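Below: one structure, written as structure tokens.
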Amino acid sequence: MKNILVTGGCGFIGANFVRYLLKESDFKGRIVNVDKLTYAGNRENLADIETDFQDQYVFIKADICDGARIDGIFDDYSIDTVCHFAAESHVDRSIVKPDAFIQTNIVGTFNLLESARSRQKQMIRFHHISTDEVYGSLGREGYFTETTPYQPNSPYSASKASSDHLVRAFHKTYGLPITISNCSNNYGPYQFPEKLIPLIILNALDGKSLPIYGDGRNVRDWLYVRDHCTAIWTIMKNGKTGETYNIGGDSEMENIAIVEIICDILDEKNRLSDNRPRKDLITFVDDRPGHDRRYAIDFTKLNKELNWSPEATLETGIRDTIQWYLDNRKWVDRVKSGEYQAWIKTHYK
Ligand code: NAD
Ligand code: DAU
């Protein structure tokens with residue numbers, strides 16, 4: 001793997017992955033990061049990488065829905081590997097307005113597959129990042145495995161399921177050397193503060209209400225983002241072509257419980273000015289339409305075949321994440337205020 005095209009590298013997981021690959025892994029080649037810079041993509045997330053890894057890192061602002069542009073990038077940078085993160089990723093947004101999810105997640109993925117297919121001889125690996133949400137919802141018992149039938153319930157998960165099927169089909173039909181990973185809920189540094197954990201951390205810090213959908217008993221499996229990055233790199237290097245691997249954090253928890261943990265840790269660090277416990281800020285709000293009850297991942301295949309397991313526990317991961325948000329309030333203010341757009345104009349030509 002000499003020239004990896006990373007899509008969506010300015011988003012939450014993509015930025016962590018680029019950082020991991022260049023600073024911690026054994027990868028010695030070049031990363032070409034293609035990102036449209038939607039509200040969720042921040043070039044600032046990798047500003048230090050642009051400076052420190054000029055020989056190994058290139059950023060290109062482009063939309064994966066623009067097939068001709070993507071094709072040109074494959075040629076210009078002799079792309080031999082793809083790691084595809086770019087997507088519209090927020091379930092609530094997909095419920096309000098699904099259009100961009102269909103375009104980016106399905107049509108964008110198709111464009112990348114077509115560019116890779118037309119240069120198949122030089123392609124070493126096309127790795128597609130997907131989600132456990134494609135499997136639908138579990139009851140109290142059981143786990144998603146790689147053979148669980150797809151049953152997506154939101155426009156987001158349906159668009160991701162569709163892209164998974166396209167990737168798989170390009171392997172079966174054309175022999176494209178693909179792998180797919182389906183993982184659980186990520187958390188950690190650089191997550192846009194619309195998702196549960198950063199939203200709760202920031203609202204709790206500011207003494208604002210903490211919205212819990214429905215009865216708060218929905219269960220998610222939490223995967224620390226660095227563990228996700230090590231899993232992806234393991235699969236890209238050693239995964240079997242054509243295969244799917246589930247990635248989990250071994251950290252199932254009800255939403256209400258994780259919110260209470262965040263409240264307790266923040267209270268321990270510093271109390272609100274009126275000395276109220278932050279748990280008093282919890283507010284039960286209307287449920288998400290079609291809200292999946294429980295996700296839980298069985299990652300035995302990845303563990304047994306490729307010897308991967310997560311390092312972080314929920315306790316260490318949450319503490320590190322809270323500390324990151326405490327240390328990076330300016331980043332939060334910029335991504336939330338839209339000031340980021342002005343910042344980028346003054347920092348980059
Ligand atoms: P994110 O929303 O933080 O980042 C998405 C990135 O893609 C942004 O940088 C955005 O600018 C870019 N992008 C969006 N549309 C684009 C387009 N048309 N062309 C080029 N770039 C575009 O998402 P994330 O949380 O980092 O998720 C990354 C991937 O991982 C997604 O495919 C998502 O479905 C998957 N995933 C995420 C989680 C999670 O918990 N966050 C869990 C499982 C799977
Ligand atoms: O499981 C993997 C998926 O995890 C990824 O594919 C998605 O890209 C990612 O966004 C995430 O989806 P979720 O819908 O599970 O994540 P979210 O952070 O939006 O919500 C987590 C849980 O918390 C879910 O049960 C809804 C609930 N929730 C969320 C928000 C934003 C609340 O109760 N209140 C909130 O304000």
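Remember, it's a predicted structure, so these values are computed and weren't measured experimentally. The chain is numbered in sequence order, starting from 1. Remember, it's 1-based here, ligands and their atoms both numbered in the order they're listed.
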Would you call the rings of W324 and Y190 parallel, tilted or perpendicular if under 30° counts as parallel and over 60° as perpendicular?
tilted

Check Y156 against ligand 1 and report side chain, backbone, both or neither, counting heavy atoms closer than 4.0 Å.
side chain

Once side-chain contact (heavy atoms from CB on, under 4.5 Å) is applied, do any residues pair with I261, and if so which ones, sequence neighbours excluded?
M253, I265, I318

So is there a nitrogen or oxygen of C183 less than 3.5 Å from a nitrogen or oxygen in ligand 1?
no

Heavy atom to atom 1 (O) of ligand 2, shortest distance: which of V134, I197, D132 holds it?
D132

May I ask whether K160 has any heavy atom positioned less than 4.0 angstrom from an atom of ligand 2?
no

Considering heavy atoms of the protein only, find what lies nearest to atom 20 (C) of ligand 1 and give residue, atom and distance to 0.1 Å.
K36 N, 3.2 Å

K279/D267 ion pair, N-O < 4.0 Å
no

Under 4.0 Å from one or more heavy atoms of T38, ligand 1 contributes atoms 10 (C), 11 (O), 14 (C), 15 (N)

Write out the residue and atom name of the closest protein heavy atom to atom 29 (C) of ligand 1, then the distance separating them to 0.1 Å.
F85 O, 3.2 Å

Those atoms of ligand 2 less than 4.0 Å from some heavy atom in T131:
1 (O), 2 (C), 3 (C), 5 (C), 6 (O)

In the protein, what heavy atom is nearest to atom 29 (C) of ligand 2, and what distance, to one decimal place, separates them?
Y213 CE1, 3.5 Å

Measuring from the heavy atoms of A15, does anything fall under 4.0 Å of ligand 1?
no

Protein heavy-atom partner closest to atom 27 (C) of ligand 2 - residue, atom, separation in Å:
N255 ND2, 3.5 Å

N/O to N/O below 3.5 Å, does that happen between C65 and ligand 1?
no

Looking at atom 15 (N) of ligand 1, what's its closest protein heavy atom, distance included?
T104 CG2, 3.5 Å

Among all protein heavy atoms in this structure, tell me which lies nearest to atom 26 (O) of ligand 1, with the distance rounded to 0.1 Å.
I13 N, 2.8 Å

Protein heavy-atom partner closest to atom 44 (C) of ligand 1 - residue, atom, separation in Å
S130 O, 3.3 Å

Can T7 be said to touch ligand 1, with heavy atoms closer than 4.0 Å?
no

Give me the residue, atom name and distance of the protein heavy atom closest to atom 23 (O) of ligand 1.
S89 OG, 3.3 Å

Report the part of K160 in contact with ligand 1, treating N, CA, C, O as backbone and CB onward as side chain, heavy atoms under 4.0 Å; options are side chain, backbone, both, neither.
side chain

Go through E268 and R319 one step at a time and tell me if the salt bridge (charged side-chain N to carboxylate O under 4.0 Å, His left out) criterion holds.
CA-CA 11 Å; E268 189 188 293; R319 282 188 182 274; 3.2 Å; yes

Thinking salt bridges, do D55 and K28 make one under a 4.0 Å N-O criterion?
no

Counting from 1, what ligand 2 atoms have a heavy atom of K195 closer than 4.0 Å?
10 (O), 18 (O)

Side chain, backbone, both or neither: A62 near ligand 1, heavy atoms under 4.0 Å:
backbone

Protein heavy-atom partner closest to atom 3 (C) of ligand 2 - residue, atom, separation in Å
E133 OE2, 2.9 Å

Tell me the protein heavy atom at minimum distance from atom 18 (N) of ligand 1, and give that distance in Å.
D63 OD1, 2.8 Å

Can you tell me which portion of L37 lies within the under-4.0 Å heavy-atom range of ligand 1? Options are side chain, backbone, both, or neither.
backbone

Show which atoms of ligand 2 fall inside a sub-4.0 Å distance from at least one heavy-atom site of L199.
36 (O)

So, D75 and R119, do they make that salt bridge, N to O below 4.0 Å?
yes

Tell me, do Y57 and D52 make a side-chain contact under 4.5 Å, heavy atoms counted?
no

Would you mind checking which non-hydrogen protein atom is closest to atom 11 (O) of ligand 1, with the distance to 0.1 Å?
D35 OD1, 2.6 Å

In the protein, which heavy atom is nearest to atom 16 (O) of ligand 2, and how far is it?
N185 ND2, 3.4 Å

